[in-house]
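Residue numbers begin at 1 in each chain, while the letters A, B, ... track the order of the sequences. In what follows, every heavy atom counts, from backbone to side chain, and hydrogens, waters and symmetry copies are set aside.
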There are 2 protein chains.
Amino acid sequence: MDEIDRTLLARLQQDATTPYAALGQEVGLSGAAAHERVRKLRERGVIRRTTIDVDPAAVGKGVLAYVMIEAAAWMGGPETGEALRALPWVEEAHIVAGSPSLLAKVRAKTTSELQQALKGIFDIDGVTGTQTIVVLETFFQRPVDV
Amino acid sequence: MDEIDRTLLARLQQDATTPYAALGQEVGLSGAAAHERVRKLRERGVIRRTTIDVDPAAVGKGVLAYVMIEAAAWMGGPETGEALRALPWVEEAHIVAGSPSLLAKVRAKTTSELQQALKGIFDIDGVTGTQTIVVLETFFQRPVDV
DNA sequence: GATCTTGCCGAATCAAATACATACGTGGCT
DNA sequence: AGCCACGTATGTATTTGATTCGGCAAGATC
């Protein structure tokens, strides 16, 4: 994991369709060497996958909210994760320090769909309350700084 | 934006390296037709970009926190966004309803780096306070549901 | 009914990914 | 010093897939 690898990662985060030849040039390596490094980064799991960034608004998901979830007891077990994963609106779910003890990122088409998502969360066993923070506007969103 | 487009999006979110021929087969189209649809999705901005998903832990960023930011006055202007963007630890920044009025997703290598990030946020003009929610464990994180 | 537009197909072409054989440099060992 | 062994780079095939293109069919428009 040297500076070259970091540059490759940053470059691929910007545009994963960049040809290896061009990548190599940017870091002073041959295309084949760049390819080999990227292959290893994938192998080691540094690069989890190649994906596309879909504009949520373009697919109708105009409502974003963070939901802080209050739990009766410790809800750090995998069942909790699965229960949240079963709700298609939940994009992220974390265990957090303090009370509330869970945090979920929820994206919905409308506020009434958001309400439906909240109901889904409330119905999970052990959930005693939620507090929702509605996002009005997103300044920016960017990949991990490498 | 029909069912086929949505399937293509979902498939590309899973793996953007899938050949068009395979994509086409999955939706009952030729490779060329699938290619044309994806090209248009890009053109229309539904697909923002092709990128890689980097494991934050693999690049040392082991600490994740959400920071709720209290502001003296309305801080919805672009300067606020720029000020937050200037902090490399801030991955997302949103304007939210209520007080606190801003929310930032912060990723750092260590807690002391997190502290440094918080200092950076505090130093932004108009910020009167912050409340930090530290993530202990991430259940999951997945792309927009299409 | 003539014409346009849109979306699809299959084939041809072209670019890039991948595999391969080979060199180079570095550290450890005799 | 001389000699591996290993990891990494290079340049060159070879293969794979992206991209382009002409043609065709199904509506929509007038």
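- To the nearest angstrom, P of C:dA16 lies 15 Å from CG of A:Leu12.
- A:Glu70 and A:Ser99 are linked by a side-chain donor-acceptor pair at a separation below 3.5 angstrom, with hydrogens and angles left out of the test.
- Contact check for B:Gln13 versus B:Val146: side-chain heavy atoms found under the 4.5 Å cut-off.
- Residue B:Ala33 is in sugar-phosphate contact alone, with no base atom involved, counting any heavy-atom pair closer than 4.0 Å across all strands shown.
- Here the side chain of A:Arg39 pairs no donor or acceptor atom with the backbone of A:Ala34 at under 3.5 angstrom.
- A close approach under 4.0 Å does not occur between any side-chain nitrogen or oxygen of A:Lys40 and OP1 or OP2 of D:dG7.
- Between the CG atom of A:Leu8 and the OG1 atom of A:Thr18 there is a distance of 10.0 Å, given to the nearest 0.5 Å.
- Residue B:Tyr20 contributes atom OH, which lies 19 Å from atom P of D:dT16 at whole-angstrom precision.
- As rounded to whole Å, 12 Å separates atom P of D:dG17 from atom CG of B:Leu23.
- Nucleotide D:dG11 holds its P atom 16 Å from the CD atom of A:Glu36, rounded to whole Å.
- One can place CD of B:Gln25 at 12 Å from P of C:dC9, the figure rounded to the nearest angstrom.
- Between A:Arg39 atom CZ and D:dG7 atom P the separation is 12 Å, expressed in whole Å.
- To the nearest angstrom, P of C:dA17 lies 13 Å from CG of A:Leu8.
- Here the P atom of nucleotide D:dG11 and the CG atom of A:Leu29 are 11 Å apart, to the nearest Å.
- Within the 4.0 Å cut-off from OP1 or OP2 of D:dA18, not a single side-chain nitrogen or oxygen of B:His35 is found.
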